[in-house]
Amino acid sequence: MAFKNMEELEQAIAASGQSWSDADKQLAQKSMDYGNSIYTLKNDWTKAVQRGDTTAAQDIHDRTDDFRRQYGGYTGGADGSGYIKDSTYFNYSDPYADTLDKLAGDLVGQKKFTNPYQKQTDKVLDRYLNRDPFEYDLDTDPIWKQYQKTYLREGQRARENTLGNYAAATGGQSSTAAVNAASQAQDYYNAQMADKVPELYRLAYDMWLNEGEQYAGQIDTLRGLGSDALNAWSANVGLLNDQLSGVRGLSDDLYNRAYNKWQADYGVKRDSISDTRYEDETSYSRAQSEKQKALAQALEWMQQGVSPDSGVLGAAGLTGQEVQDYLDAVRAQMIASGGSGRSSGGGSGSSGAASQDYNGLFAAAKSAGSNAKSFIANNYKKYGFTSQTGLLEEFEKWNSRQSGFDLAATVGGKVADTLGGSGSGAALSQSGTADLSGIVQKTRERIDESEYSPQAAVAWLRAQGYDDDTIQSILDAI
């Protein structure tokens with residue numbers, strides 16, 4: 001099992017009866033990955049001793065000391081309980097590791113952009129698009145009613161004044177001329193009142209147009225504010241990227257200077273290290289450097305809207321949720337700038353499939369390589385599925401089964417070549433294929449359960465009697 005903290009590890013050490021030096025405990029405190037690996041190696045050593053396998057016990061002891069050299073710059077002596085300084089491996093602690101982790105976490109955890117003015121924009125736009133068409137009703141116009149009242153009053157007054165003037169001139173006698181003159185005076189005001197109708201219609205229409213222009217102006221203003229907010233968000237993401245790049249540069253520079261000094265002090269030449277030893281020589285400083293490289297690669301992929309494969313994510317120390325949050329933000333930017341926000345996937349399939357074609361979908365997804373997840377998400381409907389729920393888990397199981405079949409033949413052939421292609425080697429190639437497939441699965445489960453380091457896994461496989469070529473084939477498969 002994997003221990004989460006030193007308290008759990010200390011309890012397990014006491015329960016198992018293992019003997020730990022102060023140096024081993026200090027190395028475990030530096031990282032629980034180290035502590036788990038040392039605990040597992042010690043546990044395997046104890047089992048080898050108990051079954052009387054001195055060869056395996058010595059091999060595990062040597063592997064444990066190699067581990068101490070790589071990560072702590074010391075060995076444990078004959079029984080593993082001592083402390084002997086050993087500079088065979090370059091040991092380096094990055095002072096910028098925490099800063100890099102924080103910046104990377106801030107960048108990956110950056111929430112996708114949300115326009116704070118979107119609701120207001122949508123509300124005004126809805127009013128603008130759904131307002132009533134222009135109509136004018138003279139009878140309901142309050143201005144027209146005011147004009148009407150005024151002109152009718154003035155017309156009546158003009159009529160009465162005209163009749164009064166004629167009556168005074170004729171001694172109070174009415175006449176047709178007086179009536180006609182009074183009617184003409186009143187008709188003048190009626191005509192003036194009618195002339196106001198087109199003017200009032202135009203005034204109402206202008207008001208309707210102005211209302212639309214006000215809505216359009218409000219929409220433009222709100223869109224401008226939203227664009228400013230997006231620019232500020234993008235600038236913040238850019239700043240985090242610049243900071244991460246700058247600190248990574250400082251980290252790499254310090255690492256290179258320290259490594260060059262170590263080479264000068266101890267005469268260690270990188271090009272003299274064999275390929276096998278180079279694979280084993282995964283010191284703490286190298287692990288940090290590889291993590292930085294993996295993180296840079298992961299960020300580069302995610303900035304293009306592509307999800308990194310599981311190997312890169314594991315090396316970079318990123319979680320699936322962190323990746324998804326970042327991808328959402330990147331895709332939002334891509335959409336805002338005219339991009340699709342979707343990575344492409346490989347594979348083939350027929351649209352409108354009559355049935356759910358698991359094998360077709362999974363085979364095409366496997367062909368997509370590291371983009372298998374994206375392929376399934378983008379193409380599941382083409383293979384007859386109405387939902388992608390559970391498909392990724394089913395694909396992993398299917399792919400594991402396919403890998404097991406392919407691996408058995410591959411490993412079996414390599415073992416046969418290693419043993420000369422005859423005798424026991426031929427037997428392994430033919431009848432032992434299933435056994436090798438089983439040891440691959442067992443090794444994978446052992447790594448998952450105990451968080452084996454690669455070195456611990458190799459030590460365990462060697463204790464089972466496998467040679468280096470076979471072990472490498474098994475690890476490649478895992």
Minimum heavy-atom distance Trp20-Ile38, with the two atoms named: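 Shortest heavy-atom separation between Trp20 and Ile38 comes out as CH2-CG2, 3.5 Å.
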Closest non-hydrogen atom pair between Ala56 and Ala48, with its separation: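 Where Ala56 meets Ala48 most closely, the heavy atoms are CB-CB, 4.1 Å.
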Arg69 vs Asp66, salt bridge (Lys or Arg N to Asp or Glu O under 4.0 Å): CA-CA, chis, key distance, verdict: CA-CA 5 Å; Arg69 288 188 187 95; Asp66 276 346; 2.7 Å; yes
Verdict with reasoning, Ser251 to Asp94, per side-chain hydrogen bond (donor to acceptor under 3.5 Å, both in side chains): CA-CA 7 Å; Ser251 174; Asp94 186 0; 2.5 Å; yes
Salt bridge (Lys or Arg N to Asp or Glu O under 4.0 Å) partners of residues 221-250, not counting sequence neighbours, each pair once: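 Qualifying pairs, neighbours excluded: none.
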Using side chain to side chain donor-acceptor pair (under 3.5 Å) as the criterion, list what pairs up with [X], not counting sequence neighbours.
{"X": "Ser245", "value": "none"}
{"X": "Gln29", "value": "none"}
{"X": "Asp122", "value": "Gln118"}
{"X": "Lys102", "value": "Asp106"}

For the pair [X] (side chain) and [Y] (backbone), establish whether a donor and an acceptor sit closer than 3.5 Å, ignoring hydrogens and angles.
{"X": "Glu10", "Y": "Met6", "result": "no"}
{"X": "Asp253", "Y": "Gly249", "result": "no"}
{"X": "Thr221", "Y": "Gly217", "result": "yes"}

Donor on one side chain, acceptor on other, Asp24 and Tyr74, under 3.5 Å: yes
Partner residues of Tyr128 under the ring pair (Phe, Tyr, Trp, His ring centres under 6.0 Å) criterion, sequence neighbours left out: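 Partners of Tyr128 under the ring pair (Phe, Tyr, Trp, His ring centres under 6.0 Å) test: none.
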CZ on Phe3 to CG on Asp33, rounded to 0.5 Å: 13.0 Å
Lys/Arg N to Asp/Glu carboxylate O, Lys25 vs Asp22, below 4.0 Å: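 Here Lys25 does not pair with Asp22 in a salt bridge, since their nearest N and O are not under 4.0 Å apart.
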Heavy-atom neighbours of Lys373 NZ exceed 12 at 6.0 Å: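 Result for NZ/Lys373: open.
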CG/Asn260: more than 12 non-hydrogen atoms of other groups inside 6.0 Å: yes
Geometric class of the Trp208/Tyr205 ring pair [parallel <30°, tilted 30-60°, perpendicular >60°]: parallel
Parallel, tilted or perpendicular, as decided by the 30° and 60° cut-offs, for the rings of Tyr34 and Phe67: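 If you compare the ring of Phe67 with that of Tyr34, the planes turn out perpendicular.
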